[in-house]
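Here is the structure we will look at, set down as structure tokens.
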Number of protein chains: 2
Amino acid sequence: MSTKQQEKSQQTMQELMDSAIQLFGSKGFASTSVAEITDNAGYAKGSFYRHWNSKDELFLQIIERKFRQYRAARHEKIRKARNLEEAMNIIWDFLETILADRNWPSILLEFTVYSATNEPLRKFMNKSDYRLSNQVFADLVREHMETDFPPEKVGALNTAIFEGYLIHRALGTQVLSLADVRQNAIALALMNGTKQG
Amino acid sequence: MSTKQQEKSQQTMQELMDSAIQLFGSKGFASTSVAEITDNAGYAKGSFYRHWNSKDELFLQIIERKFRQYRAARHEKIRKARNLEEAMNIIWDFLETILADRNWPSILLEFTVYSATNEPLRKFMNKSDYRLSNQVFADLVREHMETDFPPEKVGALNTAIFEGYLIHRALGTQVLSLADVRQNAIALALMNGTKQG
DNA sequence: GTCAAAAAGTGACCGCCGGTCACGATTAGC
DNA sequence: GCTAATCGTGACCGGCGGTCACTTTTTGAC
């Protein structure tokens, strides 16, 4: 059992994180200040830094939690893929759980691109807890590939199409629907992974 | 002929813009401050705001200039496309001139995503002077489409793949080569625009 | 119950940012 | 030669992420 102090600390962290999730979700990462997060939760600014070393660090923790949620939602309806098309559909069911999360796809995109300008942050982001994992995608399709096209590239191309679509969405361009993108991403994977494409 | 004052003003603008292009190009948009731009050019900070209303405004002007350069480079080797594949190759020759411009692709990506969080800026960015134009891409492929798949979607999908690849690159992921992406983007367009894909 | 050590919470403070503006210095045109 | 317009200046503003000496609360050994 933990002490009263540890419990209080845990609760404060939770309150600050909830406040942050709410504010980031409505205003984005860069536009939300640490003072806003603490004010909104009823604490002083200094308290924030008792629990995290930077705004980035809190955001990474939130991303980690988000991805755990997405994965949990996916696991509920997971099934064994019997062929490449089914594997791609499992991947896209997962991607659609992300897209369904209000404007978090945009926020994730914002932070992803921001992280590219910061070396240590970039390295963190390349871990699968914080990113769409090309590796996980590759593992899902690997055993169903009929050609010698590398499964890693199937995963990475799929991620590229998905994130390109996030930009398309974020800018309010309305030429592509989610269905368009999903269909084309799957078709491309099948073209690369099926014989006589 | 312009007055001595106008000439001086023009020259100052040019010097500040050159300084900015250099700094943005090496440090990115957000990490370059207005004071750095003016110091580097030998002016005081206040001078900057005689010529532009904001850092964003200068950047938009630089983008405009960059895109004019890219288009000029493309025009030199332009040729009439005789089929869809040639049209797509013309588009990718153009995209490769952008990719060849040091780390400007990343900077453009940074600013594009940043602009999504700012309504007036987002509207500006959606003009073809500041963005990869899905419309121009669509026009290039339109007359060669053999199916009823909308050419606008061919253009938008191509942009999505390209910008997804920019993220891939910016994060230092090295799974995909430029050749991979180009090949797949063209193949996808042919699949959508050719009979019996 | 007492009391010193440890941890949680605080807010003034730091350097830096984008942006402003009253002020001299320079130029324009009558 | 003189006034008005323009250019260039740098102190200044509010707000940012982050720090730190300080107070308040909790802990656990006695």
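Sequence lines set the chain letters: A, B, ... in the order given, protein chains first and strands last, and positions in each chain run from 1. Side-chain atoms are counted along with the backbone in the values below, which use heavy atoms only and exclude waters and symmetry mates.
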Counting only heavy atoms not in B:E86 (residues, nucleotides, ligands), do more than 12 fall under 6.0 Å from its CD?
yes
Measure the distance from NZ on A:K8 to P on D:dT24 and round it to the nearest whole Å.
17 Å
Less than 3.5 Å between a donor and an acceptor, one on the side chain of A:K45 and one on the base of D:dG18, is that the case here?
yes
Taking atom CD of A:E119 as the centre, report whether more than 12 heavy atoms of other residues, nucleotides or ligands fall under 6.0 Å from it.
yes
Taking the basic N atoms (NZ, or NE/NH1/NH2) and the acidic carboxylate oxygens, is any pair closer than 4.0 Å for A:E152 and A:R142?
yes
Could you state the atom-to-atom distance from CD of A:E36 to C1' of D:dC16 in whole Å?
11 Å
Residue B:S54, side-chain atoms from C-beta onward, closest of D:dG10, C:dG19, C:dT10
C:dG19
Does the side chain of B:T12 get closer than 4.0 angstrom to OP1 or OP2 of D:dC7 through an N or O atom?
no
Atom pair distance, as rounded to whole Å: OH in B:Y49 and C1' in D:dG10:
14 Å
Starting from the 5' end of DNA chain C, give me the residue, B:D56 or B:R50, whose nearest nucleotide shows up first.
B:D56
Can you tell me if B:H51 touches the phosphate of D:dG8, counting only side-chain N or O atoms and a distance under 4.0 Å to OP1 or OP2?
yes
Are OP1 or OP2 of C:dA8 and a side-chain N or O of A:S47 less than 4.0 angstrom apart?
no
For A:G46 and for B:Y43, find the nucleotide of DNA chain D with the closest heavy atom, then tell me which residue's nucleotide is more 5'.
B:Y43
Provide, to the nearest angstrom, the distance between the NZ atom belonging to A:K55 and the P atom belonging to D:dG18.
8 Å
Assess, by modelled atom type and distance only, whether the side chains of B:E36 and B:N40 contain a donor and an acceptor separated by less than 3.5 Å.
no
